[in-house]
J.: 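Quick one: the structure is below, and I'll ask about it shortly.
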Amino acid sequence: MEPAASPSRTAPTPALPWHDYLRRIGHTGPPEPTAEYLRAVTTAHLRAVPYEFLDVLDGAVPDLEHTAAFDRVVRRRRGGTCLETTPLLGRFLRDLGFRARLVAAQMWRVGGDWWSRWDHLVLVVEAEGEDWLVDVGFLLHAPTEPLRLSGTPRADGGWRFRVVERDGYRTVLRSGVDGEWTPVYRFADEPLEIPDYAWIVDFHLTSEESPLSYTVLCSRVVPGGKLVVLGENFLRSLDGRDRTEFLADPADAEKALGEVLHGHPHLLAEAVGAWEKARADRRENKRKFI
């Protein structure tokens with residue numbers, strides 16, 4: 001894990017109009033620090049707010065302050081990543097009375113090993129005497145409702161998720177219709193604040209290791225799973241199965257991105273333009289090494 005900074009933690013935090021946030025995610029009902037309310041808000045957020053950072057491809061730098069994340073997600077009706085949406089939800093939950101801490105996670109790679117960086121953020125939230133994992137900022141398919149840290153498996157459409165102890169870390173596992181449990185990510189215990197994870201922005205904007213600065217990545221939770229655009233691939237993680245379609249041209253990309261960005265038509269033209277630019281850049285870079 002990257003070394004944490006030694007920030008000053010005494011600065012006051014401005015109040016945020018949470019009624020606007022609840023309207024943005026389409027959740028109604030009296031707010032209360034219960035497990036059922038935690039589940040309802042998490043689900044509403046995931047279905048309303050897509051994973052996206054399209055403006056980064058045009059040189060925008062993510063602002064990690066909660067007020068900036070609020071402006072992006074609520075007032076400008078954009079999506080975000082774990083650097084913005086997850087801390088924002090954590091701030092909302094703490095203001096409501098939950099005990100919620102932001103922690104680092106390390107992703108499992110398709111190749112069968114751990115990604116070298118702890119550059120994902122999740123929440124550990126206490127509700128009604130239990131600890132729950134909450135994740136509203138993961139590109140791929142992660143638990144779409146709070147998941148008990150006690151290890152109890154939970155069904156999620158055709159999927160199942162559970163938390164286990166492996167190699168000294170709590171690890172999230174996923175299984176589909178084949179019944180095979182595979183890691184999604186593992187997470188740490190130490191609570192983080194903004195200066196502790198600000199390094200992630202610089203890493204993904206400058207490192208050749210990062211896929212985030214030259215690929216269009218968008219996703220959104222839907223009933224039964226998740227829809228994901230990863231460059232020229234459209235992944236449907238639905239009902240316990242992963243199916244991938246190749247996006248051959250801008251028309252294919254527009255159709256797929258339209259599904260992922262449903263409810264956000266103001267982002268679609270930007271997304272298609274970013275997809276075309278990213279594909280052209282990848283092909284140009286590929287030609288340089290042929």
Side-chain angles (χ1 to χ4, degrees), residues 4-53 60-105 118-128 130-139 142-147 149 187-201 221:
S6 300
S8 170
R9 303 173 189 259
T10 59
T13 56
L16 292 171
W18 293 120
H19 56 281
D20 290 339
Y21 166 72
L22 293 171
R23 188 179 302 112
R24 164 73 170 96
I25 66 174
H27 181 74
T28 59
E32 51 187 355
T34 64
E36 175 56 27
Y37 187 83
L38 178 64
R39 184 203 63 78
V41 167
T42 301
T43 302
H45 181 115
L46 282 167
R47 292 190 180 181
V49 181
Y51 178 105
E52 67 89 7
F53 59 111
V61 178
D63 189 331
L64 304 185
E65 294 296 331
H66 295 150
T67 52
F70 187 94
D71 180 72
R72 176 187 178 88
V73 172
V74 178
R75 297 194 175 99
R76 295 164 54 203
R77 292 188 59 81
R78 296 197 67 107
T81 69
C82 70
L83 296 173
E84 298 141 332
T85 58
T86 303
L88 182 64
L89 177 61
R91 167 75 183 279
F92 168 72
L93 295 173
R94 286 190 294 272
D95 284 358
L96 186 58
F98 285 96
R99 294 181 62 184
R101 68 182 188 273
L102 187 70
V103 301
W118 288 71
D119 59 351
H120 183 50
L121 302 176
V122 299
L123 293 167
V124 175
V125 183
E126 182 182 325
E128 299 181 10
E130 289 192 83
D131 284 339
W132 305 76
L133 174 77
V134 174
D135 187 352
V136 295
F138 197 54
L139 171 68
T144 61
E145 295 183 5
L147 184 63
L149 267 58
F187 55 98
D189 290 324
E190 298 81 9
L192 305 176
E193 294 189 26
I194 291 172
D196 301 323
Y197 57 87
W199 65 269
I200 298 175
V201 173
V221 167

J.: Is there a side-chain contact between L83 and I200 in this structure, where contact means two heavy atoms from C-beta onward sitting under 4.5 Å apart?
T.: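 A side-chain contact exists here, since the closest heavy-atom pair is under 4.5 Å.
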J.: Mind checking whether L93 and L89 have side chains closer than 4.5 Å, heavy atoms only?
T.: yes
J.: Would you call P87 and I194 a side-chain contact if the rule is heavy atoms closer than 4.5 Å?
T.: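 P87 vs I194: side chains apart.
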J.: Among residues at least two apart in sequence or on other chains, which ones pass ring-ring contact (aromatic ring centres under 6.0 Å, His included) with F92?
T.: W18, Y21
J.: Does a side-chain heavy-atom distance below 4.5 Å link R101 with D189?
T.: yes
J.: Parallel, tilted or perpendicular: which fits the ring planes of H120 and F138, with parallel below 30° and perpendicular above 60°?
T.: tilted
J.: Could you tell me the separation between the NE2 atom of H19 and the CG atom of L22, rounded to the nearest 0.5 Å?
T.: 9.5 Å
J.: Taking C-beta and beyond as the side chain, do E145 and T42 meet within less than 4.5 Å on heavy atoms?
T.: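 No, too far: nothing below the 4.5 Å cut-off.
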J.: Does R99 have more than 12 heavy atoms from other residues, nucleotides or ligands lying within 6.0 Å of its CZ?
T.: no
J.: Name all residues meeting the side chain to side chain contact (heavy atoms under 4.5 Å, CB included) criterion together with D63; count only those two or more places apart in sequence or in a different chain, and write none if there are none.
T.: E65, A68
J.: Restricting to salt bridge (Lys or Arg N to Asp or Glu O under 4.0 Å), what partner residues turn up for D20, sequence neighbours left out?
T.: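 Once residues adjacent in sequence are excluded, the partners of D20 under the salt bridge (Lys or Arg N to Asp or Glu O under 4.0 Å) criterion are R23.
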J.: Taking all non-hydrogen atoms of both residues into account, name the closest pair between R91 and L16 and its distance.
T.: NH1-CD1, 3.8 Å
J.: Heavy atoms, side chains only, cut-off 4.5 Å: are V103 and V122 in contact?
T.: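 Result yes, sub-4.5 Å side-chain heavy-atom pair found.
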J.: With side chains defined as the heavy atoms from C-beta onward, is the minimum distance between T81 and Y51 less than 4.5 Å?
T.: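 Counting from C-beta outward, T81 and Y51 do come under 4.5 Å.
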J.: Output all residues satisfying side chain to side chain contact (heavy atoms under 4.5 Å, CB included) with A48, sequence neighbours left out; order by chain, then residue number.
T.: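 With sequence neighbours excluded, A48 shows a side chain to side chain contact (heavy atoms under 4.5 Å, CB included) to R24, I25, given in chain and number order.
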J.: Supply the atom-to-atom distance D95 CG to H66 NE2, rounded to the nearest 0.5 angstrom.
T.: 9.5 Å
J.: Residues two or more places apart in sequence or in another chain: which of them pass side-chain hydrogen bond (donor to acceptor under 3.5 Å, both in side chains) with R78?
T.: E52, E270
J.: Under the rule for ring-ring contact (aromatic ring centres under 6.0 Å, His included), what residues qualify as partners of Y197, not counting sequence neighbours?
T.: none
J.: Give, for atom CG of L88 and atom OG1 of T67, the distance between the pair rounded to the nearest 0.5 Å.
T.: 10.0 Å
J.: Measure the spacing between CG of L96 and CZ of R94 and express it to the nearest 0.5 Å.
T.: 12.0 Å
